[in-house]
There are 2 protein chains.
Amino acid sequence: MKFSKVPEATIRRLSAYVRHLEVLEEKGEVVVSSASLAESCGVNAAQVRKDLAYFGEFGIRGVGYYIKDLSDNIKTILGLNREWHLAIIGIGNLGSSLLFYKDFFKKNYKIVAAFDVDPAGVVGRVSEKIGKPVEILHPEQLQEVARDRRIDIAIIATPASEAQKVADQIAQSSIRGILNFTPTQIQMPKGFAVKNYFFTTILDNVAYLLRWRVK
Amino acid sequence: MKFSKVPEATIRRLSAYVRHLEVLEEKGEVVVSSASLAESCGVNAAQVRKDLAYFGEFGIRGVGYYIKDLSDNIKTILGLNREWHLAIIGIGNLGSSLLFYKDFFKKNYKIVAAFDVDPAGVVGRVSEKIGKPVEILHPEQLQEVARDRRIDIAIIATPASEAQKVADQIAQSSIRGILNFTPTQIQMPKGFAVKNYFFTTILDNVAYLLRWRVK
DNA sequence: CAAGAATAGAGAAAAGTTTCACATTTACCG
DNA sequence: CGGTAAATGTGAAACTTTTCTCTATTCTTG
Ligand SMILES: NC(=O)c1ccc[n+]([C@@H]2O[C@H](COP(=O)([O-])OP(=O)(O)OC[C@H]3O[C@@H](n4cnc5c(N)ncnc54)[C@H](O)[C@@H]3O)[C@@H](O)[C@H]2O)c1
Ligand SMILES: NC(=O)c1ccc[n+]([C@@H]2O[C@H](COP(=O)([O-])OP(=O)(O)OC[C@H]3O[C@@H](n4cnc5c(N)ncnc54)[C@H](O)[C@@H]3O)[C@@H](O)[C@H]2O)c1
């Protein structure tokens with residue numbers, strides 16, 4: 001186990017590994033080899049071993065990895081052995097879909113607050129979906145609520161034009177992580193963990209790959 | 001202009017550049033330097049120039065890049081100078097949010113079909129949102145409709161357990177591009193352009209970055 | 001029209017990431 | 001109980017991507 005900088009791609013792959021390990025665990029499997037795990041996740045077997053080697057030795061030579069054990073270890077590495085509190089900001093089309101995303105609750109994420117500038121406009125639409133009212137807060141309350149409910153990560157799902165304003169409000173709060181869905185590069189002070197999740201970028205990527213093949 | 005393999009990261013960045021160029025164009029700006037474009041997109045200036053160098057020479061030394069011209073060139077490179085036909089498969093929570101995603105229509109993407117195994121269940125919810133009925137097709141019709149409407153890219157938004165089944169149906173159709181939202185690594189024959197858009201992977205990434213900083 | 005400032009392009013260097021190859025360990029079988 | 005097959009961990013090699021630095025070009029100003 002070395003203490004070199006861990007590539008971001010390694011973190012992404014660990015996330016994929018752990019998801020696949022859960023599938024294997026449900027099937028009742030006990031041991032998996034780097035080769036088999038690699039194939040399922042679409043990577044090279046040496047890559048799997050190297051990724052894990054950044055953090056320790058988790059396998060048994062000649063045998064493979066005990067699934068439950070490896071899964072627990074990766075979860076600890078990724079910080080998934082605790083509950084993370086999420087807030088969703090902008091409860092429109094996309095935001096309300098996230099609000100009802102069931103898989104959150106299987107993972108260690110919990111939505112503890114929803115914000116929108118137009119609470120009245122949102123409530124009807126959202127409440128009828130789950131049959132009970134959902135509390136929609138005004139962004140002005142962000143700082144106070146972030147502290148009280150210990151929000152760790154804010155998900156920005158407002159129109160792109162509002163993204164920087166929302167980011168500035170987050171910068172003033174106790175929140176330190178952002179997942180940004182708007183197609184805008186937001187500017188934050190040092191010390192924040194910000195990841196963008198640009199939908200059209202990936203779509204553009206698919207289009208690029210097809211560009212010569214399709215009429 | 002060399003003919004070496006273009007890094008995927010370059011394609012992603014080109015997508016970001018073109019989006020920012022559009023913003024600048026709207027503001028009425030005419031010329032931009034690699035340094036300024038780089039800063040807005042959060043990358044190094046040499047990186048911008050190198051990314052473009054894979055495809056040609058688009059700037060003027062001592063001046064910079066003409067915004068309209070560069071924007072058009074990048075769109076041609078990415079294959080965005082034509083209309084791409086999309087289908088959404090699985091019109092649940094997420095799928096219906098995509099169906100009403102307004103920015104598609106500013107870009108060169110057009111949704112030409114929506115599929116769900118439970119058309120009846122979906123129609124009410126979706127129709128009331130836009131005030132008129134939306135045609136929901138059964139996946140059995142995929143092959144036929146894909147040909148007739150020239151679907152280029154399928155967006156998979158079904159439950160994860162259904163993803164491979166849907167992928168197999170796509171493999172039998174004329175569609176060659178896939179954007180997969182389900183947290184599943186789908187297996188496809190050679191020759192398909194497949195990109196995954198794993199939401200929790202990115203969330204896990206934010207959590208990882210925060211892991212030591214937050215209690 | 002000459003000098004100076006600004007900026008793209010490109011080769012080289014640096015940094016980062018993936019893959020290879022093999023020594024080592026473990027389990028199993030005859 | 002020894003030999004064989006399977007599989008990890010790891011250093012080195014190969015490859016990829018990013019950054020640096022310098023040259024060439026263009027515009028502006030006096
Ligand atoms: N709809 C999709 O499927 C989809 C997919 C990918 C990315 N996106 C991006 O996600 C963002 C939201 O898309 P949408 O379709 O949900 O838009 P939307 O217009 O349906 O929803 C935006 C919501 O944000 C609220 N809002 C506006 N300003 C706000 C502020 N300052 N603070 C808090 N809330 C505010 C609005 O009241 C509205 O409810 C956009 O940037 C879009 O580009 C959407
Ligand atoms: N909801 C979100 O915000 C969100 C975010 C990221 C990823 N995802 C992923 O997107 C997928 C969809 O999530 P959701 O929340 O919309 O689920 P959902 O249950 O609301 O919707 C799934 C839809 O797919 C339809 N369906 C089922 N089998 C099908 C098949 N074989 N062919 C066509 N349609 C079929 C169902 O009838 C339903 O309408 C899931 O895999 C989820 O993990 C969702």
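The chains referred to below are lettered A, B, ... by the order of the sequence lines, with proteins before strands, and numbering in each begins at 1. Remember, predicted model here, so these are calculated numbers, not experimental data. Worth knowing before you read on, the calculation uses all heavy atoms, side chains too, and leaves out hydrogens, waters and symmetry mates.
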- May I ask you to decide whether A:K165 forms a salt bridge with A:E162, counting only side-chain N to carboxylate O separations under 4.0 Å? yes

Separation of D:dT8 atom C1' from A:Y54 atom OH, nearest Å, is 17 Å

From CZ of B:R12 across to C1' of D:dT16 the rounded distance in Å is 14 Å

To the nearest angstrom, the NZ-C1' distance between A:K50 and C:dA21 comes to 11 Å

Between CD of A:E57 and P of D:dA7 the distance, given in whole Å, is 18 Å

Per nearest nucleotide of DNA chain C, the residue lying toward the 5' end, A:E8 or A:R49, is A:E8

| When you check the gap from the basic side-chain N to the acidic O, do A:R13 and A:E8 get nearer than 4.0 Å? | no

B:R150 and B:H85 have their tightest heavy-atom pair at O-CB, 3.2 Å

Winner on side-chain proximity to B:I60, out of D:dT18, D:dT10, D:dT26, is D:dT26

Assign each of A:V63 and B:R61 the nucleotide of DNA chain C bearing its closest heavy atom; nearer the 5' end lies the nucleotide of B:R61

Rounded to whole Å, the CZ-C1' distance (A:F58 to D:dG9) equals 12 Å

To the nearest angstrom, the CZ-C1' distance between B:R13 and D:dT19 comes to 12 Å

Closest heavy-atom pair, B:A113 versus B:V145, reported as atoms and distance to 0.1 Å, is CB-CG1, 4.1 Å

B:Q47 CD to C:dA10 P, in whole Å, measures 16 Å

Which of C:dT18, C:dA10, C:dC20 is nearest the side chain of A:A9? It is C:dT18

What residues 30-44 of chain B contributes to the DNA chain D interface at heavy-atom separation below 4.0 Å is B:N44

**Study point:** N-O pairing of A:D103 and A:K107 below 4.0 Å
**Key:** no

Check: Under 30°, 30 to 60°, or over 60°: which ring-plane class applies to A:F199 and B:F181, parallel, tilted or perpendicular?
Finding: tilted

query = Is any side-chain N of the basic residue among A:D152 and A:R82 closer than 4.0 Å to the acidic one's carboxylate O?
reply = yes

note: A:Y66, atom OH; C:dT26, atom C1'; distance rounded to Å ~ 10 Å

Problem - B:Y65 side-chain N/O to C:dG9 phosphate OP1/OP2 under 4.0 Å - result: yes

